[in-house]
Novice: 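I'd like to ask some things about the structure below.
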There are 2 protein chains.
Amino acid sequence: MSRTAVIGAGPCGLAQLHAFEQARLDGIDVGEVVCFEKQSDWGGLWNYTWRTGLDAHGDPVHGSMYRYLWSNGPKECLEFADYSFDEHFGGPIPSFPPREVLYDYIVGRAKKSNVRQFIRFDTAVRDVTYDGRSFAVTVESWETGPGVLRTEIFDHVIVATGHFSTPYVPEYPGFESFPGRILHSHDFRDAVEFAGKNLLILGSSYSAEDIALQSLKYGAESITIAYRTAPMGFGWPDGITEVPALQHLDGRTAHFADGSTREVDAIILCTGYQHHFPFIDPELRLQTTNNLYPPGLYKGVVWTANPKLLYLGMQDQYYTFNMFDAQAFVARDVVLGRLPLPEADAMAADVAGWLAKYAAVDSVMEQIDFQTDYVRELISLTDYAEFDIELVRAHFVTWEHDKDESITGYRDKSFTSPCTGTVGPVPSSTWWDELDDSLARFLKR
Amino acid sequence: MSRTAVIGAGPCGLAQLHAFEQARLDGIDVGEVVCFEKQSDWGGLWNYTWRTGLDAHGDPVHGSMYRYLWSNGPKECLEFADYSFDEHFGGPIPSFPPREVLYDYIVGRAKKSNVRQFIRFDTAVRDVTYDGRSFAVTVESWETGPGVLRTEIFDHVIVATGHFSTPYVPEYPGFESFPGRILHSHDFRDAVEFAGKNLLILGSSYSAEDIALQSLKYGAESITIAYRTAPMGFGWPDGITEVPALQHLDGRTAHFADGSTREVDAIILCTGYQHHFPFIDPELRLQTTNNLYPPGLYKGVVWTANPKLLYLGMQDQYYTFNMFDAQAFVARDVVLGRLPLPEADAMAADVAGWLAKYAAVDSVMEQIDFQTDYVRELISLTDYAEFDIELVRAHFVTWEHDKDESITGYRDKSFTSPCTGTVGPVPSSTWWDELDDSLARFLKR
């Protein structure tokens, strides 16, 4: 019997288990599927933990999730095509839910498809090697005890461990003697910790944008965001300012490229993440920066150097849960032989075509179009449910405009579901004024 | 030629390199000695870093050192017998130096014995296995690039990676929703971060004691220390209180076993460390709690199950640098065959004798006597320089009494060197009032 290992039970891993289960319900022999998850529960990044740094077993903490995180894109852009928000919540809900709501939704489908039985929790993968025929996957389980390694053989390995867990942490002159906290956004948990503080944030992507807003919302005195190449340029509320690159610190004083200075109490590095797979034989590791088309992956999923190894969700992301689904269905059909792979040179040519197309991408709008085209192709390859992807593309464009119009107000907008046509109701409180991010409160808004 | 790997270039690893170099200067063939250090510089824990959690390469940060740390024992109790404080500083200095001074001292001897040439910095050991004849040590170097593993063969491996790097991090009910920072002392860097805050500290050992005092000294509003079995019971200054075990948190409110409650802003877990060797084949890993005589180590150093594998500094510690020296000289002479090992059953009997003796230890004073006897035996086994160990024993007793007398004042006391007879001068400022922990300031006190 064919054996498939899935590493990680976050959105990608759960999508993969769901995909296999859908095939099994159709009477297809999917062989044995085993999912290894080092956390004690499912959900990956969406499984919030108060822990930072190292976990109870001395392993790096997977989570980068923080309190009061709300979706930064419309939920309609990430809706599962085969499990709508309407189905899960029994009726329409606003378009920008907080973490707990999205967690509930992801887990809801996993419960419905009954995939928990395939997951070995508290089990960290320590090594993956390939001997020319099959994979040896070595794991350490907290149930059998630390230091007890066990190796199992698999025909296929699907890596679904995410790429927002291992921080990229640069150093600037003066960090060594800065008299305050310096942390990476990976270790950011609760904006309340910074109430009354003057914060310096380094970065100009989603983390910087969102952590700046969160911190101001929960009481930070001021936030200075230093960018390296260009400011985000949103219409920031009073209290948030963007300045050119940090040069160095002198005690509490931050010096920037334009000669200006600020006194700051804490520094948050929103400097991004590394694709990091220390648990895989170096020869099998995906090596890429965070971008929309990592090299060496046919259809963005199949490791061309060895097509029995597959990677999910390794792209930078506009599309998320629905893209993971589309990838998982492709991965499943490759594993089951239902989606025949072309010869190596044809796969390489296909990848080269996408990379050439990506190289020509020149703007945010073109990035949205690029990933839309990619997801559209994925969906054409399998029996994953159809949804109105052109509407999702349009939503992303509207969403970008909404952000430019009001960075504190865009989360109050409504979008239409590409799956059900349901319109997200306008919430009764604005995101900026709503401090309670619980599911219970959200469903009453 | 015989090859020996030393893992780690902190106090233990540097002691080991120094020991080999002393033999080489005596005309002895020590073979090739290679020390692997994952940090970019030497000093181990004493090499302060602002980083917490994961380092620049996604590896766990080794350091647990924090700013404003002063020695919590008299420097005379840790003095190298063959490199006195007088020799290093050119004259007497007070008995309780801050971190930078001790770092300078450790590194000073390493420079004198010219051992830097043996250290491969930026090189993490990833795997150590034994095939019945020799060890295969697999390393990843940031110089050759991440993901490039290289394996070298060694006759002996000496593990000197310390055991205060991997935190033991328990969870209490309510941590999940506590609206403030929760950190382990491993991630504590700067007491100034907690100025004005009401802190809850969990623990009743050195970290709890020292971090409570530091935090108050640098402006914390209040510190509540919760103990599980017994309070430390020192005469705490106003602002520090000890209470029975934490039961749970309800929002910011901490509930203790005596029914009392406190509103707290941040929680510091001073809950200790794990001996953690994920880079060694599980069959070769020392497994022990933090105690004065880890099982399975002949003379506290030689891994009895395979005497070509040695561990330094794995004991809980009253004695530190001089004990590491005495161990390193024993390890060296075992490796060089100058200290013949008895048969396995005789080694086991020797270990059993120490464990039986340790089992009878019943008080702090008996612990001091126990470790004194252990170090005395080590010193009798090699040509490591003699020092007045009976004086050191007496110093520890005096020091414990000094702490009971004044927990804020004991660092102002003077002790006599067991190596040179020099008396540490009384500093011109008290530790409690001295906020500058630099070497430059210390040498002027």
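Lettering of chains follows the sequences in order, A, B, ..., and the numbering in each one begins at 1.
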Novice: Specify which of A:G180, A:P146, A:A195 makes the most heavy-atom pairs with chain B at under 4.5 Å.
Specialist: A:G180
Novice: Most heavy-atom pairs under 4.5 angstrom with chain A, which of B:V192, B:I280, B:L183, B:V169?
Specialist: B:V169
Novice: Write down the atom of B:P60, the atom of A:P60, and the distance for their closest heavy-atom approach.
Specialist: CG-CG, 4.5 Å
Novice: Heavy atoms only: give me the nearest A:L54-B:P167 pair and the separation to one decimal.
Specialist: CD1-CD, 3.6 Å
Novice: Donor-acceptor pairs between chain B and chain A under 3.5 Å, which ones?
Specialist:
unit_1, atom_1, unit_2, atom_2, d
B:W50, NE1, A:E171, OE2, 2.9
B:R51, NH1, A:V169, O, 2.9
B:R51, NH2, A:V169, O, 3.3
B:A56, O, A:Q274, NE2, 3.2
B:R67, NH1, A:F178, O, 2.8
B:R67, NH2, A:E176, O, 2.6
B:R67, NH2, A:F178, O, 3.1
B:V169, O, A:R51, NH1, 2.9
B:V169, O, A:R51, NH2, 3.3
B:E171, OE2, A:W50, NE1, 2.9
B:E176, O, A:R67, NH2, 2.6
B:F178, O, A:R67, NH1, 2.7
B:F178, O, A:R67, NH2, 3.0
B:Q274, NE2, A:A56, O, 3.2

Novice: Against chain A, label B:L269 side chain, backbone, both or neither, depending on which of its atoms sit under 4.5 Å from a heavy atom there.
Specialist: side chain
Novice: Which bit of B:P170 is near chain A, if near means a heavy-atom gap under 4.5 Å: side chain, backbone, both or neither?
Specialist: backbone
